[in-house]
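To keep things clear, I will list the structure first and then write my remarks on it.
Along the sequence shown, the residues carry numbers beginning at 1.
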Amino acid sequence: MKKTIKIKQIKYIKKFELQITFSDATIKNIDFANFILNSKKPDIQKYQKPSKFKAFSFKNGELMWGDFEMIFPIMDLYKGTI
């Protein structure tokens, strides 16, 4: 039986990089720069400002920015494929 992977902790590292600790003790440093800096969507482009990017939240086990403006599937974060 497969275990459900959840996010346990999120830490800001630098620029557009976060360290995410998952429920199985896996730790990933994920750099969101490529995604954010190459986005053509205004809702995403506003997170190019470091102060906006740092304003992420961790609610109900989800990493998100704004009111679900930017959110990633947990398994994509776990695999490092954003």
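Between F32 and L77, some side-chain heavy-atom pair lies under the 4.5 Å cut-off. With contacts defined as side-chain heavy-atom distances shorter than 4.5 Å, the pair I20/I27 does not qualify.
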**Item:** Step-by-step side-chain contact (heavy atoms from CB on, under 4.5 Å) determination, T81 to M75
**Value:** CA-CA 9 Å; T81 55; M75 287 312 294; over 6 Å; no
For residues 6-18, which side-chain N or O atoms pair as donor and acceptor with protein atoms under 3.5 Å away, sequence neighbours left out?
from, atom 1, to, atom 2, distance (Å)
Y12, OH, K15, N, 2.8
Y12, OH, K15, O, 3.2
E17, OE2, N29, ND2, 3.4

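Taking CD1 of I5 as the reference point, atom NZ of K79 lies at 11.0 Å (rounded to 0.5 Å).
Here the closest heavy-atom approach between residue Q48 and residue I36 is recorded as NE2-O, 3.1 Å. For I74 against E62, the heavy-atom pair with the smallest separation is CG1-OE1, 4.1 Å.
Cluster note: I71 groups with M64, F68 through ILVMFWY side-chain heavy atoms spaced under 4.5 Å, whether in direct contact or through intervening members.
Enclosure of atom CG in N38 by more than 12 non-hydrogen atoms of other residues, nucleotides or ligands within 6.0 angstrom is indicated. Residue-environment remark: NZ (K52) stays at or below the threshold of 12 foreign heavy atoms within 6.0 Å.
Although no hydrogens or angles enter the test, the distance criterion places a donor-acceptor pair under 3.5 Å between the side chain of S39 and the main chain of K41. The backbone N or O of F72 lies less than 3.5 Å from no partner atom in the side chain of D76, so there is not a single donor-acceptor pair. A donor-acceptor pair is defined here as one N or O able to donate and one able to accept, closer than 3.5 Å; no such pair exists between the side chain of W65 and the backbone of Y47. Formation of a donor-acceptor pair under 3.5 Å by the Q45 side chain with backbone atoms of L37 is not found in this model.
Taking the six-membered ring where the residue is Trp, F22 and Y78 present perpendicular rings, their angle passing 60° and hence far from 30°.
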